[in-house]
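What follows is a set of notes on a single structure, which appears directly below.
What you see below is based on every heavy atom in this structure, not just the backbone, and it leaves out hydrogens, waters and symmetry mates.
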Amino acid sequence: MASKGAGMSFSRKSYGLTSDTEKSRVTGIVHEKLLNDYLHRVFSSPDHAPTAATSRKPLNFQNLPEHLDQLLQVDSEEEESQGQVEGRLGPSTVVLDHTGGFEGLLLVDDDLLGVIGHSNFGTIRSTTCVYKGKWLYEVLISSQGLMQIGWCTINCRFNQEEGVGDTHNSYAYDGNRVRKWNVTTTNYGKAWAAGDIVSCLIDLDDGTLSFCLNGMSLGTAFENLSRGPGMAYFPAISLSFKESVAFNFGSRPLRYPVAGYRPLQDPPRADLVQAQRLLGYFRAVLSVELDPAEGRLVEKESSEWQLQGQPTVLLTLAHIFHRFAPLLRKVYLVESVLTSFLLGVMEAGTPTQAQAVVRQVLDLLWLFMEDYEVHDCLKQLMMSLLRLYRFSPIVPDLSLQTHYLRLTIAILRHEKSRKFLLSNVLFDVLRSAVFFHIKSPLRVEEAGLQELIPTTWWPHRSGREGKDSKEVQDETAEERLRRRAYERGCQRLKKRIEVVEELQVQILKLLLNNKDDNGGEASRYIFLTKFRKFLQENANGRGNIPLLCPPEYMVCFLHRLISALRYYWDEYKASNPRTSFSEEAYVPPQVFYNGKVDYFDQQRLGGLLSHLRKTLKDELASKANILIDPLELQAATMDDLDEDEEPSPAAAQRPMQALAIGGALPLPRPSWLSSPTLGRANRFLSTAAVSLMTPRRPLSTSEKVKVRTLSAEQRTREDIEGSHWNEGLLLGRPPEEPEQPLTENSLLEVLDGAVMMYNLSVHQQLGKMVGVSDDVNEYAMALRNTEDKLRRCPKRRKDILEELTKSQKVFSEKLDHLSRRLAWVHATVYSQEKMLDIYWLLRVCLRTIEHGDRTGPLFAFMPEFYLSVAINSYSALKNYFGPVHSMEELPGYEETLTRLAAILAKHFADTRIVGTDIRDSLMQALASYVCYPHSLRAVERIPEEQRVAMVRSLLAPYEQRPWAQTNWILVRLWKGCGFGYRYTRLPHLLKIKPEDANLPSLQKPCPSLLLQQHMADLLRQDPDVAPSFLNSVLNQLNWAFSEFIGMIQEIQQAVERLERNFVDTRQLKVCATCFDLSVSLLRVLEMTITLVPEIFLDWTQPTSEMLLRRLAQLLNQVLNRVTAERNLFDRVVTLWLPGLESVDHYPILVAVTGILVRLLVHGPASGTEKATSVLLADPCFQLRSIRYLLGHPEPPAPGTALPAPDRKRFSLQSYTDYISAEELAQVEQMLAHLTSASAQAAAASLPTSEEDLCPICYAHPISAVFQPCGHKSCKACINQHLMNNKDCFFCKATIVSVEDWDKAANASATSSAA
C-alpha cells in the first residue's frame, strides 16, 4: 500500500502548484487558494461545524495525510471493545461450534455460519453464550422444512430424535409446524418459508424469550427462564435432513434490529465510523467540480459527476482510497457502507445516470485499489446483493427485488468487473441462480396479494364419468363477474412479475455478451465454461443434496436463459441471413461425437462412450472424417479401470481443506458446495461425512486424431466458434447435415445446456408445483359438499348448521388464500410465456432427434436426455399448464404431435438404443400417447410405413422384453370395440373417487381402426408372426392368471388366521397387477380372434388347432376359478381389501365372454363347429360356468340344500349400461348352442380306456405318432411341445415328423397285413 500514500504515486513535478490560469487550463493544475477551498470542502470535519475561512489551516497535498488522520480518529467510546462484554462469554467473533458443540451429521460452511442437515435431526450450537442482558441473532431460512431454532444451555444433551426445545433449559420455535418447544409443545407464531428471516431474542434481565419473523414480533414465547450461576444460553438449532439455514450473529448488519437488544457479535464500530466518514468524503468529491478557469468550486448533483482525469481530483481520490481500500474488504463494511451507497445512487437519478455513476465508481475502485482488494470488495458486494435479493420480503410492487436487480445489472455492465465476477464469483462462490429466481410467498397477506387480487375465484370441475375433467360447468352471473375480477387481478400481478423477469433476462444478456473481447476473453465464453461446470456438478451430484442447485431456482434460470438465448440467436440471424431463426433451432448431431462438448457421465443412447468409439470407429471415419487412435482409446479404457489415479492438475490446483473431529483432512472442494444462502466454499463436517463429499476422480477423455478433446476450462473461443480451417463445435459434419451454419456455435452449446437443465430437475419441479392447483380443487370440492349439506340440513338442527357454517368459513378462507397463491404460481411458473418456452424446447428436441436419426449408426452417440426431455416436456405441456392454457392453442400443435408420434413409433423398438430405462420410457410414452384421442390421431397421421413397422414391433414375441406395456398399447387400440368394453371406469368403482382422473388408464375409449387393420394384415400375411405372437400371449396369460390365483390363496389364508395380522401392501399391488394383466391379455386375444379368426379356426394352417386347444384350456381354467359358487375368488372380492379394488367379476368375465362369442356365434359354421368340439373336448369344461354368466343358478347336487334365495348373483344382465341388448342376446344364443352341443356330445361319447388317453395330459385321446421313434400323444401336447423343443417326450430322440394316428385304422391295417 506504500505506493498509494500521500500522492506518492504521482510526480511532484507534474502537479506543482501555480496560479497561472492559462497553464491550469492545459495541465489541470489549480492554484493554492482553489486547492485549499476544494480540500476543505471535501474533507470537512466529522461534526460539520462551520469554520471561518481565515481560521482554517491551509490544506494541500503535503499536509493532507495528517489532516485525514485527525479526521479519522475515533473517540475512545467508539473503539471496538477487545475484551469480554458483560453478560457474554466466548470469542468476540461468534460462529457455529463445529468441533464439539454438535450432534449428528451436519455440513457447515467455511465461514462457520451456514449449516445443512445431513442426518435425521442434527443439532449444533454457537461458540458464544449469554447470561445477562438482552441479546438477539438472526437466522436466514433457506428451506422451510422441519427445524427447531432457539437457545440451549451447555448441559443440554441432544440425539437424533431430540433436539433444541425437546429438553429442559432449551427453547425453540418451529415455523414448519408453527409451534414452540420446551419439552412440551404448543401453537405459536406463523409458518415460515424459504427466504424468511427469524430473529431470536432473549431477555435475561426479565427472563423472557421471543421471536420475530421478518421483523414482525410473534410475541413472547417463554417466560421465567432459569437464571443464575452456571446458567448461560447458546444460540442453537436442530434441523432434519436437507434443511439449511445461515446465521447472522452480528458479522453482517442485522436486517431487522430490535431496540434495546444487542447482537451477539459486536459490529466493527471504529472501522464503521471511518468507512462512513470516508464515504462522506467520496460523496463530496462527486458533488463538487473544479472550475480552474474561473477559480471556483461548482456544486453539482452526484448523478451528473464525470471523471475527467483532473490531477487534483485524482490525487484527492487517491488519498481517500488509500484508507478506504482496506476497509472495503470487510463483509460488514461492504454491506453497511458500500452497498447502501450504491443502492442510494440507483434511487437518486434516472436509470441512465445511476448506471453511469456506478460505472465510474467501479472504474475508481479498479484504478485506486490493488487487484486483490478489488476482488474481495466485488465478491463481498455481490454476496451482499444476493443476500438482500433472496431474503427480502415480497411486497406488492416487488420494488425491493427490482431495486437490487437494477444495481446488479449496473455492476455487471462494467466490463472488467463482469469478467472478474464471471470468472471467480458468480458460479464459483455464489449460487448465482438465485438472481433468476422469484420466490413464492407463503403468506399472501404479507405479500400484498389481497390488494392486488381482492376478488378470489377457483375453477369448478366435474368428477362424473364421461365428463371431461377440465370442463367448466355453467357459470352463474355472479361467478362470471368473480372470475373476470380475479383474472384482472392475476394480470396486474403478472405485469409486476414480468418487470423482475425482464431484469433477470438483462443479467443473462450481459453474461452472454460476446462482443466484449477487448483485451481478453469475451464474457460469453467465460460463461460457457462456468455453465458447463455448473451442469456437470448438478448432473454428477443428483444424489448429493448440498451439491445441487435447488429445482425451483433451476426452473427460473431455464426460462431466463431461453429468453436471452433466443434474443442473441435472432439477433445473429438479422445480421447473417443465411443462418436460421431460433424457431428452427436444433443441436447438430456432430456435437455429440466430435468431443468438443463434454457430456461427463451422461448416458448415450448406444451405451458407454468408450464402447461406442470402439464399435463405431469405422462409421466415424467414413461419415464424419473423425479418426480415433486405437492405442489412445485403449489407454483411456484402461485408465477408467484405474481407481487409484492421482487427481488431474486442474483438480489438484483447487483449494483443499476440510476440518473434521480429528483434525484437518485434505480433500478436493466440490465447486458447487453451496451455502444455504449463497456461499460455495468448503464444508466442515464430521469424519463420517467426508466420504459423502469426496468427488469422483475426473473422467479422462479419449484423445482423437483430428479432434482435440478438451475440458471446459481448456477450451478457447476458437475451439468453440472455429476458424477458417477449423469448424469448432461443428467439426465432423455428416453428409446428411446442411453446410450452412445454424447460428453461432457458442449459442448451440448454450442450447444444449438448456436441454440438459430441463432434464436435471426442471421437469420434476413443474410437476411438484401442480400441487397448489390440486389443493384448490380439493378444497373447492369440500366447500361444494359442505354447501350442499347446508342446503339439505333441517333448520331445526342448529348444532349441525353451526358446525357446517364453521366448516364453510374455514374452506372459504383457505380457498381465498390458495387461489391467490395459485395466481402467483401461474404467473411465475405456468404462464403462457413459460408454456411457449417449454414448447420451444420440445420442438428443439424433436428436430435434434430427427437430424440425429438421419446419421444412421451415429445416432447412438446422442445423449439419452434428449429423448427424455422430448417425452417429459410434452407430458408437462399436456398435464401441468392446464386448464388455464391449453396445448391445442400452441402454434404448430398438430404437426408437433405428429412428429413426436413418429419418433415414439420408430424408436421404442430401435436397436440403436440399448439403455433399459430410456427404452422403458419410450414404451410408456407410446402407451400413454395412444390413450388420448388427439395424440392417437397423430399416430395415425404418421407415414404408413412407420405405422406398419410400429405394429410389427408390437406383435413381436413377448419373451425377453417388457411385454406388459406392449400389451397395454394393443389393449388401448382395441378398447371401445370389445364385448362390454366401452367403459372408462369399472362399474363397481364408480362410487370411488379416482386418485387422478387424468391418468391414461382413466381416459375414454378411443380405438384405432386403422392400426387394428395393420395388425390384421400382418397376422394374415406373415405366417411366422401369428404363431409366435399368440404363443407368447397364451404363455403370459397362463403365468399371470396362475400367479394371481396363487396370491389370492395366500391372502385368503392370512385373513382367516385367528391371530391379528396384516397383508403386505406390496403383495396386494402385485396381485392386482397380475389380475389386470390377465384381463388385458384376454382382451388382446379377443381382438385377434375378431380381426383374424382364421388363425384359430382354419385348421389347414399347421398351428391353428394347437392354438385353439390352448386357448380353450385357458378359458376353461379362468371360468372355473372365477365362477365357482362361494369360491376363493368370490371371497377375496367381497373383502374389499385396499389395493385390490380393480379385482372383480365383471372385467375378467366379459373379456372371456367376448372371446367365446366371437368363436361360437360370429364365426362361420365350420369354424363354430370346430371351436365347439375343442371347447367341449377339454376335460375342464363345465356348462355351469356359462350359465353363471347370465345368473342362472346351478342345480343342487343330490342331498344338498338349496342356495339362499336372497343371495345376490352375478349376471351380465345387471350391466345394461355397459352391455347392449344385442350382446346379451348373443350370450343367450351361445348358452343355448353349448347346452345343445354338450347334450349331443354326452350322448355320442363312448367310454375311453386309459390306454387310449394321451400319456402327457390324460385329457385327450391319442391322435398323433412321432417319427421315427413311434411314441404317441394327443396333437395338442405335441404341437405345444414342438414350439419350443424338437426332442421326444420319452426317448429324447429328434422328432422328424408327426403323423395322425387312429387306433381303429391302425388295428385294421395290422390285421390285414397279418
Side-chain angles (χ1 to χ4, degrees), residues 140 142 194-195 246 334-335 339 342-343 346 351 355 358 362 378-394 398-414 417-440 496-513 523-524 526-527 530-531 533-535 537-538 548-565 567 672 674-680 750 753-754 757 761-762 765 828-829 834 837:
L140 284 64
S142 299
V334 169
E335 187 163 329
T339 305
L342 293 177
L343 288 170
M346 297 302 297
Q355 289 181 6
V358 172
L362 292 172
L378 286 175
K379 172 184 171 182
Q380 298 301 338
L381 178 60
M382 292 306 293
M383 292 176 71
S384 172
L385 277 174
L386 192 74
R387 194 179 297 112
L388 287 169
Y389 176 79
R390 184 178 184 189
F391 292 98
S392 293
I394 298 292
L398 299 174
S399 56
L400 296 175
Q401 285 74 14
T402 303
H403 197 41
Y404 302 138
L405 287 175
R406 282 180 175 149
L407 177 54
T408 304
I409 291 171
I411 294 171
L412 291 177
R413 286 188 185 279
H414 189 265
S417 300
R418 176 173 70 247
K419 290 184 179 180
F420 163 74
L421 292 170
L422 253 178
S423 300
N424 302 281
V425 178
L426 289 181
F427 285 91
D428 296 274
V429 178
L430 304 182
R431 275 187 168 176
S432 56
V434 171
F435 278 124
F436 311 117
H437 178 238
I438 305 177
K439 65 181 181 181
S440 176
R496 299 187 181 192
I497 289 175
E498 285 174 347
V499 173
V500 177
E501 292 177 345
E502 179 55 35
L503 293 173
Q504 294 169 333
V505 172
Q506 287 184 33
I507 292 177
L508 273 172
K509 286 180 181 177
L510 289 171
L511 301 185
L512 287 173
N513 182 6
S523 298
R524 180 182 298 176
I526 305 174
F527 174 84
K530 299 299 181 180
F531 181 51
K533 198 173 180 183
F534 165 82
L535 294 174
E537 290 159 355
N538 281 272
L548 298 182
C549 174
E552 59 270 24
Y553 297 176
M554 197 78 90
V555 171
C556 296
F557 188 9
L558 174 65
H559 286 296
R560 312 302 176 264
L561 184 63
I562 289 176
S563 298
L565 169 63
Y567 167 80
W672 182 252
S674 314
S675 82
T677 55
L678 45 88
R680 297 166 45 94
V750 176
M757 281 179 68
S761 58
V762 171
Q765 182 65 16
T828 55
V829 181
K834 310 299 185 302
D837 284 346

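- The ring pair (Phe, Tyr, Trp, His ring centres under 6.0 Å) test applied to H437 returns Y553, not counting sequence neighbours.
- Under the 4.5 Å side-chain criterion, counting only non-hydrogen atoms from C-beta, M382 is in contact with L421.
- Q380 contributes atom CD, which lies 11.5 Å from atom CG of L385 (distance to the nearest 0.5 angstrom).
- Between the CG atom of L565 and the CZ atom of R560 there is a distance of 14.5 Å, given to the nearest 0.5 Å.
- For T402, there are no side chain to side chain donor-acceptor pair (under 3.5 Å) partners, not counting sequence neighbours.
- Both tests do not hold together for K533 against F427: distance to the six-membered ring centre under 6.0 Å, angle to the ring axis within 45°.
- Between Q401 atom CD and L388 atom CG the span is 10.5 Å, to the nearest 0.5 Å.
- Residues Y389 and L407 fail the side-chain proximity criterion, which asks for heavy atoms closer than 4.5 Å.
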Stepwise side chain to side chain contact (heavy atoms under 4.5 Å, CB included) test for L343 and H403 = CA-CA 7 Å; L343 288 170; H403 197 41; 3.7 Å; yes

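- Side-chain N or O atoms of Q504 include one that pairs as donor or acceptor with a backbone N or O of F435 at under 3.5 Å.
- One finds no salt bridge joining R496 and E501 here, because no Lys/Arg side-chain nitrogen approaches an Asp/Glu carboxylate oxygen to under 4.0 Å.
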Criterion side chain to side chain contact (heavy atoms under 4.5 Å, CB included) on S523 and L511, from CA distance to verdict | CA-CA 6 Å; S523 298; L511 301 185; 5.8 Å; no

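- At a threshold of 4.5 Å between non-hydrogen side-chain atoms, the residues P551 and V762 do not count as touching.
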Full working for salt bridge (charged side-chain N to carboxylate O under 4.0 Å, His left out) between E552 and K439 = CA-CA 8 Å; E552 59 270 24; K439 65 181 181 181; over 6 Å; no

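- Between Q355 and A410 the shortest heavy-atom distance is CG-CB, 4.0 Å.
- Listed by chain and number, the residues in a salt bridge (Lys or Arg N to Asp or Glu O under 4.0 Å) with K419 are E415 (sequence neighbours excluded).
- With sequence neighbours excluded, the residues forming a ring pair (Phe, Tyr, Trp, His ring centres under 6.0 Å) with F436 are F557, listed by chain and number.
- Residues R418 and L510 meet the side-chain proximity criterion, which asks for heavy atoms closer than 4.5 Å.
- Taking CD from E498 and CG from L503, the interatomic distance works out to 12.0 Å, rounded to the nearest 0.5 Å.
- Every pair tested for salt bridge (Lys or Arg N to Asp or Glu O under 4.0 Å) that includes a residue from residues 400-410 fails, sequence neighbours excluded, so the list is empty.
- The two residues L512 and A564 have their closest heavy-atom pair at CD1-CB, 3.9 Å.
- Judged as a side chain to side chain donor-acceptor pair (under 3.5 Å), and not counting sequence neighbours, N513 has no contacts.
- Nearest heavy-atom pair, L561 versus F527, reported as atom, atom and distance to 0.1 Å: CD1-CZ, 4.2 Å.
- Nearest heavy atom pair, residue L422 against residue D428, reads O-OD2, 4.3 Å.
- In this structure, CG on N538 lies 6.5 Å from OG on S761, to the nearest 0.5 angstrom.
- Atom NZ of K379 has 12 or fewer heavy atoms from other residues, nucleotides or ligands within 6.0 Å.
- Residues A754 and L558 approach most closely at O-CD1, 3.4 Å, considering heavy atoms.
- Here the straight-line distance linking atom CD1 of I507 with atom CG of L405 works out to 5.0 Å at 0.5 Å rounding.
- Nearest heavy-atom pair, S142 versus R390, reported as atom, atom and distance to 0.1 Å: O-NH2, 3.2 Å.
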Starting from the C-alpha separation in whole Å, work towards a yes-or-no answer on side chain to side chain contact (heavy atoms under 4.5 Å, CB included) for L381 and T339.
-> CA-CA 7 Å; L381 178 60; T339 305; 3.4 Å; yes

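- The backbone N or O of H559 sits less than 3.5 Å from a side-chain atom of S563, completing a donor-acceptor pair.
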Step by step, work out the side chain to side chain contact (heavy atoms under 4.5 Å, CB included) result for T408 and L386.
-> CA-CA 9 Å; T408 304; L386 192 74; over 6 Å; no

